[in-house]
Student: 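Provided herewith is a single structure, encoded as structure tokens, for subsequent inquiry.
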2 protein chains.
Amino acid sequence: MTLKLDKVNRGPHLSTLVASSISREIAQGRLKPGDQLPTEQALATTFGVSRNVVREAIARLRSEGRIWSQQGRGAFVVESNNPTVLTIDYEALQRADSFRNLFELRGILEVQAAAFAAKRRTEADLTAMGAALAGMRAAPYGSVAWLRSDLEFHRAVAEATRNGYMGQFLGFVSERVRESILAAGNQQKSDDMARITLGEHERILTAIRAGDVEGAQAAMRDHLAGAALRVGLHDGETAAEAAPVPEAASPVRHSRLRKAVRGQAAR
Amino acid sequence: MTLKLDKVNRGPHLSTLVASSISREIAQGRLKPGDQLPTEQALATTFGVSRNVVREAIARLRSEGRIWSQQGRGAFVVESNNPTVLTIDYEALQRADSFRNLFELRGILEVQAAAFAAKRRTEADLTAMGAALAGMRAAPYGSVAWLRSDLEFHRAVAEATRNGYMGQFLGFVSERVRESILAAGNQQKSDDMARITLGEHERILTAIRAGDVEGAQAAMRDHLAGAALRVGLHDGETAAEAAPVPEAASPVRHSRLRKAVRGQAAR
DNA sequence: CTTGTCGTGTTATCATACAACCCTGATTTA
DNA sequence: TAAATCAGGGTTGTATGATAACACGACAAG
């Protein structure tokens, strides 16, 4: 048996804890946009860590676009509440409704990507898709090679849109969806599925090659509906029902707080 | 006159430069997934900075999910090449084709959001949208209050999709688009525009209230086409032509490199 | 009222030291 | 011989002190 021990080692770094703590202060409004943070020295003493750790935490928050600092002045909470990075909380994705929502978003992007691909694909794109399909045919269903080819096919479609952001976003969303599916691990495999899935992909490629925008959209929609069924999502149309907006906050569990971190940042 | 001096202060931190440099090594494949990075000491000497700076850079990369490190062993490039966060390079967005691509992506999301909103909106959603529209009517075109109400309207639409990720992504993309427009600053304002823009929004709301999915999509499409014209994008249909995939690398300009950073990380 | 100077406080960076930990290989032990 | 133990070096994590660069207000000089 392969025992399934989750990685509880998530961020044993002090800087991670400090960053989360400050992040929480911001999220919960105790530090408002435009506010100045305490000095690094003050933070270091209140948290009971070295100034170095505080600096690493601040570097992280700065890269996330939550705070902004200037030499000689101080560090400030950034004005716009929209951070410059987009993150998806892994824990939240375990909830069925969240997963369904993300799957829905992926569907939107994939279908439109197929449409643009049908309009803008080059010969190179088509051969790339064909190669990916061949890889799927050659590999056993569900194997690593099969999954890689599957991913490659969708990547090629995204590439064919000639819109880099499309590929970036689609890749990001798909990866999160894939992770979540793997984590759940309740996939059943059968020979029929291989044939069906392959057929779906082939129809997509055919439509894209023909430049058939509507057809490509429809084929991709079919494919996603099939995929939804295969991973256990039923009736993808009525997806989200009163799902609260998932906040991007507090990805760190408190139970594992270390002795040093016990204060609040700035009261 | 208000002279227009941009903030060139973007990231004068050494740690940012180091992080970008390592990030580029990964993106360009000189550091493959699973590879071990040079030791912090080695990086510090090759970059000509202190180990502290290297640590801040690594803390940042770790928070972005690109690197994984363990005490006593070393730091490694994470296996999946898909980072756990999504970022958009601000500099790249200044290029017209990039901006066009992002605008196109926004359009996809907005149109589909309108469709879902028409299907799933509640009374509360409708009143929120109505309030936002009222705010636009009351404020002068282009003013801060007007922009806020505009943003609020679109946020309400996204909220009405009952899909939190939709709101998250849409907000993220829209914010980047808005920043870019503000940075360009070549907006011309007229009274006609206020009326036209307001009308577009009203049609969207009407369709959503009526539960008219097709109508909401069409109205939103019109609105975005109008917005594209207003910000100087012409013929949004043939957006990207042979635009290379924008890699998420090198957000730092080299001309401003400081004396210390001149090496490569790990060859 | 403007300008220049100075002192203080803050961030940015450097340098060093130590603790915790992993890995390897030799040594001891069964 | 085979396994367990232990010592050593190497690496990351953290602490500490010092210096440079910068911002800002106070204050004097013009």
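Remember, predicted model here, so these are calculated numbers, not experimental data. Throughout, a chain's letter reflects where its sequence line sits, starting with A, and its residues are numbered from 1.
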Student: With salt bridge (charged side-chain N to carboxylate O under 4.0 Å, His left out) as the rule and sequence neighbours excluded, what pairs involving residues 34-59 of chain B come up?
Tutor: A:Arg55-B:Glu56, A:Glu56-B:Arg55, B:Glu40-B:Arg51, B:Glu40-B:Arg55
Student: In whole Å, what is the span from the CG atom of A:Leu43 to the P atom of D:dT14?
Tutor: 16 Å
Student: Between the main-chain N or O of A:Thr87 and the side-chain N or O of B:Gln168, is there a donor-acceptor pair closer than 3.5 Å?
Tutor: yes
Student: Nearest whole angstrom, please: distance from the C1' of D:dG25 to the CZ of A:Arg73.
Tutor: 14 Å
Student: Grab the CD-C1' distance between B:Glu56 and D:dT14 for me, whole Å please.
Tutor: 14 Å
Student: Whole angstrom is fine here: how far is it from CD in A:Gln36 over to P in C:dG9?
Tutor: 14 Å
Student: Considering only side-chain heavy atoms of B:Thr39, which listed nucleotide, C:dC22, C:dT11, D:dT12, is closest?
Tutor: D:dT12
Student: Could you tell me whether the phosphate oxygens of D:dG13, OP1 or OP2, come under 4.0 Å of any side-chain nitrogen or oxygen in B:Arg55?
Tutor: yes
Student: In whole angstrom, give the distance that lies between atom CH2 of A:Trp68 and atom P of C:dT10.
Tutor: 16 Å
Student: Of all the choices, C:dA12, C:dC22, D:dA23, which nucleotide is nearest to the side chain of B:His13 once you look at every atom?
Tutor: C:dA12
Student: Does OP1 or OP2 of D:dT14 have a side-chain N or O of A:Ser50 closer than 4.0 Å?
Tutor: no
Student: Tell me the interatomic distance from B:Leu14, atom CG, to D:dC22, atom P, rounded to whole angstroms.
Tutor: 12 Å
Student: Could you state the CZ-C1' distance from B:Phe47 to C:dC14, rounded to the nearest angstrom?
Tutor: 17 Å
Student: Using only side-chain N and O atoms of A:Gln70, determine if any of them is under 4.0 Å from OP1 or OP2 of D:dA23.
Tutor: yes
Student: Quick one: label A:Gln41 by what it contacts on the DNA or RNA (base, sugar-phosphate, nothing), any heavy atom closer than 4.0 Å.
Tutor: nothing
Student: How would you list, by chain and number, every residue that makes a ring pair (Phe, Tyr, Trp, His ring centres under 6.0 Å) with B:Phe153, sequence neighbours excluded?
Tutor: B:His201
Student: Less than 4.0 angstrom between a side-chain N/O of A:Ser15 and OP1 or OP2 of D:dG13, yes or no?
Tutor: no
Student: Considering only heavy atoms from C-beta outward, does the side chain of A:His154 approach that of A:Leu170 to under 4.5 Å?
Tutor: no
Student: Tell me which of B:Ala75 and A:Gln71 sits closer to the 5' end of DNA chain D, going by the nucleotide each one is nearest to.
Tutor: B:Ala75
Student: Reading DNA chain D from 5' onward, which residue's closest nucleotide shows up sooner: B:Arg62 or A:Arg51?
Tutor: B:Arg62
Student: One pair to check against salt bridge (Lys or Arg N to Asp or Glu O under 4.0 Å): B:Glu159 and B:Arg155. What are the steps and the verdict?
Tutor: CA-CA 6 Å; B:Glu159 170 92 22; B:Arg155 206 199 55 76; 3.5 Å; yes
Student: CD of B:Glu40 versus P of C:dA20: gap in Å, rounded?
Tutor: 18 Å
